[in-house]
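Okay, so here's the structure we're looking at.
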Protein chains: 2
Amino acid sequence: MAFKQELNDQFARMGKVLGSGRRLELLDYLAQGARSVDALATVSGLSVANTSQHLQKMQQAGLVRAERQGKQIFYALADDEVITLMTVLHGLAERHLAEVREMVSMHLTARDRLAPVSVEELLARAQSGLVTILDVRPPEEYAAGHVPGAVNISPAHLREQIAQLDAGREVIAYCRGPYCTFSFEAVAALRAQGFTAHRLESGFPEWKQAGYPVEYEHSEQVSR
Amino acid sequence: MAFKQELNDQFARMGKVLGSGRRLELLDYLAQGARSVDALATVSGLSVANTSQHLQKMQQAGLVRAERQGKQIFYALADDEVITLMTVLHGLAERHLAEVREMVSMHLTARDRLAPVSVEELLARAQSGLVTILDVRPPEEYAAGHVPGAVNISPAHLREQIAQLDAGREVIAYCRGPYCTFSFEAVAALRAQGFTAHRLESGFPEWKQAGYPVEYEHSEQVSR
DNA sequence: CAAACATTCAATCATGTGGTTGAATGTTTG
DNA sequence: CAAACATTCAACCACATGATTGAATGTTTG
């Protein structure tokens with residue numbers, strides 16, 4: 001039936017866009033909030049023209065939308081379901097692509113031992129009061145729910161705001177999930193500054209889904 | 001950070017596979033259960049060699065797995081999350097691709113009048129015993145699993161066999177999913193014959209994934 | 001209204017992809 | 001062990017894609 005094929009071809013337009021690591025990286029950044037083209041270009045290391053073209057493809061595929069603000073154009077995810085899409089994709093890749101599992105475990109053992117902390121350990125250490133829980137997600141996501149007592153530093157301001165953390169306390173960082181690399185970066189940055197830091201093995205979605213308590217207010221954000 | 005890029009390249013391997021309408025169609029069929037290569041080839045209209053190649057790509061990307069049974073090789077979804085992935089993709093496409101909305105409304109005639117029934121409603125009405133659940137999929141798919149108590153009329157014989165249904169009962173039709181067009185056609189045909197008919201808003205894959213009971217025997221098929 | 005800036009366009013190239021064909025592989029059956 | 005069958009492989013073509021360049025478009029600022 002022609003209709004079904006045409007429909008699948010439309011779905012494939014969206015699928016095609018997910019077939020490029022660069023675009024997935026851009027989507028990762030966009031998951032933090034709207035960004036201008038050249039902000040995305042600098043953060044991803046791509047040329048501006050190339051970034052622009054990728055963004056346009058994603059816009060045509062309906063994954064991303066653009067809005068002009070002054071002389072810049074800000075791109076944002078079309079929908080929060082795009083994050084869901086990526087999370088499901090990550091989960092499938094983790095379960096069925098041996099390369100992904102190997103890469104993660106190699107990366108963890110090769111670069112110092114960033115031994116991840118389990119949710120249970122986090123709870124135990126949190127009760128001792130000697131640990132700083134660090135939420136490395138964009139402020140909007142933090143505001144929409146976070147681990148109780150967690151401090152929020154958005155990935156973009158990580159390096160500048162590390163100084164505001166208590167250097168005497170152990171830090172446990174988390175972000176969106178096991179394959180969200182911000183927590184890796186945060187732990188690396190923290191250790192470079194002399195902190196004792198670990199990352200949570202999972203992320204906030206898993207935390208929430210497991211039924212642990214969630215705090216919604218803007219409680220202890222370090223940034224302004 | 002090279003790690004991040006390599007990781008995204010791995011995720012992109014999986015994404016690439018979603019960038020072909022033919023493969024998405026094959027995944028649609030696989031969502032019903034395991035199928036042999038040539039069963040998939042005939043149902044999709046592709047050549048056997050071509051089907052085989054698509055299946056192998058999907059297997060390498062970890063979306064699908066193969067198992068030999070006798071002289072045939074049966075492919076199946078690697079994981080039920082693949083259905084989730086496709087469902088999220090469909091939802092995004094429906095919301096953000098004007099073409100999809102247009103195609104659906106143009107081709108599926110007066111959507112308002114075909115008001116879909118939710119799974120919960122179906123269960124409630126089914127318990128009343130006053131409703132006929134109609135499975136509008138090919139017999140093989142019906143045999144591989146269907147909603148308990150559902151009656152099967154294959155799309156090819158729809159018009160001839162409508163007369164065998166009880167005209168006094170409401171009919172709720174379903175097929176493979178929200179974008180499977182057979183249920184729309186069935187509802188239109190039933191209404192043309194004076195039936196009270198609705199379509200299930202989702203389809204059998206979603207039903208199965210939601211954990212509702214599945215019946216496997218050949219229980220009440222109307223056709224011969 | 002012209003300069004400065006952010007983004008997009010257009011042309012080009014190397015590479016990757018889907019599809020076809022016919023031969024090759026591997027499993028079961030007689 | 002050879003025939004029959006299901007699937008895969010290998011070679012090939014037309015076409016799409018990602019990336020690079022330099023010019024063009026459109027918006028704000030002085």
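Because the structure is predicted, anything quoted here is derived from the model rather than measured. Every chain is numbered from 1, with letters handed out A, B, ... down the list of sequences. Computed from heavy atoms alone, side chains included, the values below leave out hydrogens, waters and symmetry copies.
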What's touching nucleotides 6-11 of chain C from the protein side, N or O pairs under 3.5 Å?
unit_1: dA6(C); atom_1: O4'; unit_2: Lys71(A); atom_2: O; d: 3.4
unit_1: dT7(C); atom_1: OP1; unit_2: Val37(A); atom_2: N; d: 3.1
unit_1: dT7(C); atom_1: OP1; unit_2: Ile73(A); atom_2: N; d: 3.3
unit_1: dT7(C); atom_1: OP1; unit_2: Ile73(A); atom_2: O; d: 3.4
unit_1: dT7(C); atom_1: OP2; unit_2: Asp38(A); atom_2: N; d: 2.9
unit_1: dT8(C); atom_1: OP1; unit_2: Tyr75(A); atom_2: OH; d: 2.8
unit_1: dT8(C); atom_1: OP2; unit_2: Ser52(A); atom_2: OG; d: 2.5
unit_1: dT8(C); atom_1: O5'; unit_2: Ser52(A); atom_2: OG; d: 3.4
unit_1: dC9(C); atom_1: OP2; unit_2: Gln56(A); atom_2: OE1; d: 2.5
unit_1: dC9(C); atom_1: OP2; unit_2: Gln56(A); atom_2: NE2; d: 3.4
unit_1: dA10(C); atom_1: N6; unit_2: Gln53(A); atom_2: NE2; d: 3.3

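- Using a cutoff of 4.0 Å between basic side-chain nitrogens and carboxylate oxygens, Asp79(B) and Arg65(B) are not scored as salt-bridged.
- When each of Gly70(A) and Leu46(A) is assigned the nucleotide of DNA chain D with its nearest heavy atom, Leu46(A) is the one assigned upstream, toward the 5' end.
- Scored by the ring-ring contact (aromatic ring centres under 6.0 Å, His included) test, Tyr75(B) finds no partners at all (sequence neighbours excluded).
- The environment of CZ in Arg159(A) is sparse: at most 12 heavy-atom neighbours from other residues, nucleotides or ligands sit within 6.0 Å.
- Aromatic rings of Phe11(A) and His90(B) (six-membered ring for Trp) have centroids within the 6.0 Å cut-off, being under it.
- In terms of position on DNA chain D, the residue among Gln69(A) and Lys57(A) whose nearest nucleotide sits closer to the 5' end is Lys57(A).
- Close to dG19(C), at under 4.0 Å from its OP1 or OP2, lies a side-chain N or O of His54(B).
- The minimum heavy-atom distance linking Val187(B) with Ala197(B) is given by the pair CG1-O, 3.8 Å.
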Q. Which dot-bracket string describes DNA chain C (Watson-Crick N1-N3 plus N6-O4 or O6-N4, or G-U N1-O2 and O6-N3, all under 3.5 Å; [ ] crossing; | other strand)?
A. ||||||||||||||||||||||||||||||
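- Nucleotide dA16(D) holds its C1' atom 14 Å from the CD atom of Gln60(A), rounded to whole Å.
- Atoms CZ (Arg23(A)) and P (dG18(D)) sit 4 Å apart, rounded to a whole Å.
- Cation-pi contact between Arg68(B) and Phe74(B): absent, since separation from the ring centre below 6.0 Å together with deviation from the ring axis within 45° is not met.
- Met58(A) places its CE atom 15 Å from the P atom of dT17(D), with the value rounded to the nearest Å.
- Look at Asp9(B) and Arg22(A) and you find a salt bridge, because one of the NZ, NE, NH1 or NH2 atoms lies within 4.0 Å of a carboxylate O, short of that distance.
- Donor-acceptor pairing under 3.5 Å is recorded for the side chains of Ser154(A) and His157(A).
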